[in-house]
Protein chains: 2
Amino acid sequence: MNAIEPADPRLLVLAQDFREALRHSIYLVRRLDADGELSAAQLSTLKMLMDAGPASDGGGVRVGEIARNLGVKVPSATEQIIKLERAGLARREPDPSDSRAVRVTLTGAGRTAVESANERRNAVMAGILSSLSDEDRAALAAALPVIGKINATLQA
Amino acid sequence: MNAIEPADPRLLVLAQDFREALRHSIYLVRRLDADGELSAAQLSTLKMLMDAGPASDGGGVRVGEIARNLGVKVPSATEQIIKLERAGLARREPDPSDSRAVRVTLTGAGRTAVESANERRNAVMAGILSSLSDEDRAALAAALPVIGKINATLQA
DNA sequence: CCTAACTGTTAGGCTACCTAACTATGAATG
DNA sequence: CATTCATAGTTAGGTAGCCTAACAGTTAGG
């Protein structure tokens with residue numbers, strides 16, 4: 001799909017620069033995550049569950065779906081879920097329509113945990129962004145949909 | 001330094017969107033790294049050593065400096081260096097001017113390893129970027145310096 | 001039915017981090 | 001200078017998150 005062709009030099013430069021930016025951004029992400037009581041993986045998982053709605057709405061998310069969404073294998077998802085369950089943030093219930101499956105949902109504690117962790121991280125990030133010029137912020141904002149597109153491509 | 005203040009709502013939205021973009025980008029980075037024979041941490045370390053120049057130029061990088069540059073603690077840097085050394089990609093030599101210190105340098109094999117790993121990853125990334133429109137690529141390119149600024153802030 | 005496909009869990013292993021404790025050297029000071 | 005304090009790295013031991021392989025239970029199709 002993408003390979004052996006020579007490739008436009010300008011594209012390669014952009015690729016390199018983007019890679020570099022992402023590489024450095026890892027530290028930013030680490031900083032944000034270090035701050036909280038929830039790890040990045042756990043927060044991501046909980047956020048998914050939040051978006052999926054409550055069990056009473058036929059909500060909840062299956063383990064395989066969580067794994068796909070997080071970009072990890074099923075056993076890794078299971079592991080996260082077990083931790084969240086032990087922490088009282090998520091719950092596993094049998095799926096009424098398929099007894100092989102498990103539906104994972106947020107508990108009340110899980111919901112508040114997501115919300116507060118999110119707020120805190122957003123505040124830290126906002127603090128960092130506040131030192132930028134309006135121009136810079138505009139440039140960043142303009143690029144986010146593009147990065148979103150790139151990431152969406154990956155999932156396919 | 002940044003904290004309790006209410007914070008501009010638009011800033012918070014940008015913060016949230018940027019966080020989200022970075023979060024998803026993790027999978028992109030994973031994909032890129034999975035591809036290679038060098039782990040992300042190892043490649044980062046080697047790249048640093050490459051930039052620092054050869055030992056003959058009084059080059060080489062001290063362990064503490066590597067750690068600071070990678071955003072990790074010293075023992076983690078030591079660990080990486082030991083692995084690189086075992087793989088024949090880096091070398092540890094005593095620092096002539098301070099015998100507590102160690103200067104780490106690239107070997108020839110290390111140099112070629114960095115170059116080929118970099119090329120491969122760039123090619124994969126270029127493949128991904130090639131599906132974007134010129135406009136999108138321009139937006140992405142415009143944001144990279146801003147992201148660089150953000151990351152630079154962090155290091156301070 | 002009975003086999004094949006699918007959903008999760010368990011077991012075992014790896015990498016990359018961390019903190020705490022230690023060794024050795026260097027620098028400062030009375 | 002001798003002592004003390006600071007700095008540079010290493011070692012030891014632990015955690016989180018990911019992986020593959022092997023397994024158990026359920027469903028669906030021939």
Side-chain angles (χ1 to χ4, degrees), chain A residues 23 26-46 48-49 60-87 89-105 117, chain B residues 23 26-46 48-49 60-87 89-105 117:
Chain A
R23 187 166 75 76
I26 290 172
Y27 313 134
L28 208 179
V29 172
R30 268 217 273 277
R31 160 97 46 122
L32 251 41
D33 290 337
D35 199 25
E37 61 297 356
L38 246 45
S39 75
Q42 290 180 338
L43 182 53
S44 292
T45 307
L46 289 178
M48 262 199 66
L49 298 180
V61 187
R62 310 208 353 190
V63 176
E65 207 175 333
I66 291 175
R68 228 172 307 116
N69 227 291
L70 291 179
V72 301
K73 301 299 179 190
V74 171
S76 304
T78 296
E79 194 180 329
Q80 287 307 326
I81 293 162
I82 288 173
K83 276 185 202 161
L84 291 174
E85 199 173 31
R86 272 206 280 263
L89 304 176
R91 203 183 302 118
R92 276 191 288 188
E93 318 176 25
D95 185 324
S97 66
D98 181 346
S99 29
R100 290 170 303 179
V102 168
R103 305 205 75 90
V104 185
T105 58
Chain B
R23 188 166 76 74
I26 289 173
Y27 312 134
L28 207 179
V29 171
R30 267 217 273 278
R31 159 97 46 122
L32 250 43
D33 290 339
D35 198 25
E37 62 296 355
L38 248 43
S39 76
Q42 291 181 337
L43 182 53
S44 292
T45 308
L46 289 177
M48 263 198 65
L49 298 180
V61 188
R62 308 205 357 188
V63 175
E65 207 175 333
I66 291 175
R68 227 173 307 117
N69 228 290
L70 292 178
V72 301
K73 301 298 180 193
V74 171
S76 305
T78 296
E79 194 180 327
Q80 287 306 326
I81 293 161
I82 288 172
K83 275 185 202 161
L84 291 174
E85 201 174 28
R86 272 207 280 263
L89 304 176
R91 202 183 303 118
R92 275 191 290 188
E93 319 175 24
D95 184 324
S97 66
D98 181 345
S99 29
R100 293 170 300 179
V102 167
R103 304 205 76 91
V104 185
T105 57

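These figures come from a predicted structure and were not determined experimentally. Labels below follow one simple rule: chain letters A, B, ... track the order of the sequence lines, proteins then strands, and each chain is numbered from 1.
Rounded to a whole Å, the CZ atom of A:R103 is 14 Å from the C1' atom of C:dG8. Note: CG (A:L70) to C1' (C:dG8) measures 16 Å, nearest angstrom. Between the P atom of C:dA16 and the CD1 atom of A:I26 lies a distance of 12 Å, rounded to the nearest Å. The nearest whole Å value for the distance from the CZ atom in A:R68 to the P atom in C:dG8 is 9 Å. B:L84 has its CG atom 16 Å from the C1' atom of D:dT10, to the nearest Å. Regarding B:D33, its CG atom lies at a distance of 18 Å from the P atom of D:dG17, rounded to whole Å. The interatomic distance linking B:D95 (CG) with D:dA8 (P) rounds to 11 Å, in whole Å. Following rounding to the nearest Å, A:K73 (NZ) and C:dT7 (P) show an atom-to-atom distance of 14 Å.
Side-chain N/O atoms of A:R92 include one lying less than 4.0 angstrom from OP1 or OP2 on C:dT9. The side chain of B:T78 places no N or O atom within less than 4.0 Å of a non-bridging phosphate oxygen (OP1 or OP2) of D:dG9.
For the residue pair B:D33 and B:A40, the shortest heavy atom distance occurs at OD2-CB, 3.0 Å. Nearest heavy-atom pair across A:V61 and A:L49 is CG2-CD2, 3.8 Å.
Every salt bridge (charged side-chain N to carboxylate O under 4.0 Å, His left out) that A:R92 has, sequence neighbours left out, goes to A:E85. Qualifying side chain to side chain donor-acceptor pair (under 3.5 Å) partners for B:R62, counting only residues two or more places apart in sequence or in other chains: none. For B:A41, the side chain to side chain contact (heavy atoms under 4.5 Å, CB included) partners two or more places apart in sequence, or in a different chain, are B:S39, B:Q80. Every residue meeting the side chain to side chain contact (heavy atoms under 4.5 Å, CB included) condition with A:L28, not counting sequence neighbours, appears here in chain and number order: A:L32, A:M125, A:I128, B:F18, B:L22, B:I150, B:N151, B:L154. Evaluation of the side chain to side chain contact (heavy atoms under 4.5 Å, CB included) rule for A:E37 yields A:S116, A:A117, A:R120 as partners, not counting sequence neighbours. Judged as a salt bridge (charged side-chain N to carboxylate O under 4.0 Å, His left out), and not counting sequence neighbours, the contacts of A:R100 are A:D98.
Base-pair partner of D:dG30: C:dC1 (Watson-Crick or G-U wobble, both distances under 3.5 Å).
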For nucleotides 22-26 of chain D, tabulate all protein N/O to nucleotide N/O atom pairs closer than 3.5 Å, reporting atom names and distance.
unit_1 : atom_1 : unit_2 : atom_2 : d
D:dT26 : O3'    : A:S99  : OG     : 3.0

Collect all protein-nucleotide pairs involving nucleotides 13-15 of chain C in which both atoms are nitrogen or oxygen and the distance is under 3.5 Å.
none

Side-chain donor-acceptor pairs of residues 72-79 of chain A under 3.5 Å, sequence neighbours excluded:
unit_1 : atom_1 : unit_2 : atom_2 : d
A:T78  : OG1    : A:V74  : O      : 3.3

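Contact annotation for A:V74: base contact, defined as any heavy-atom pair under 4.0 Å involving a base atom.
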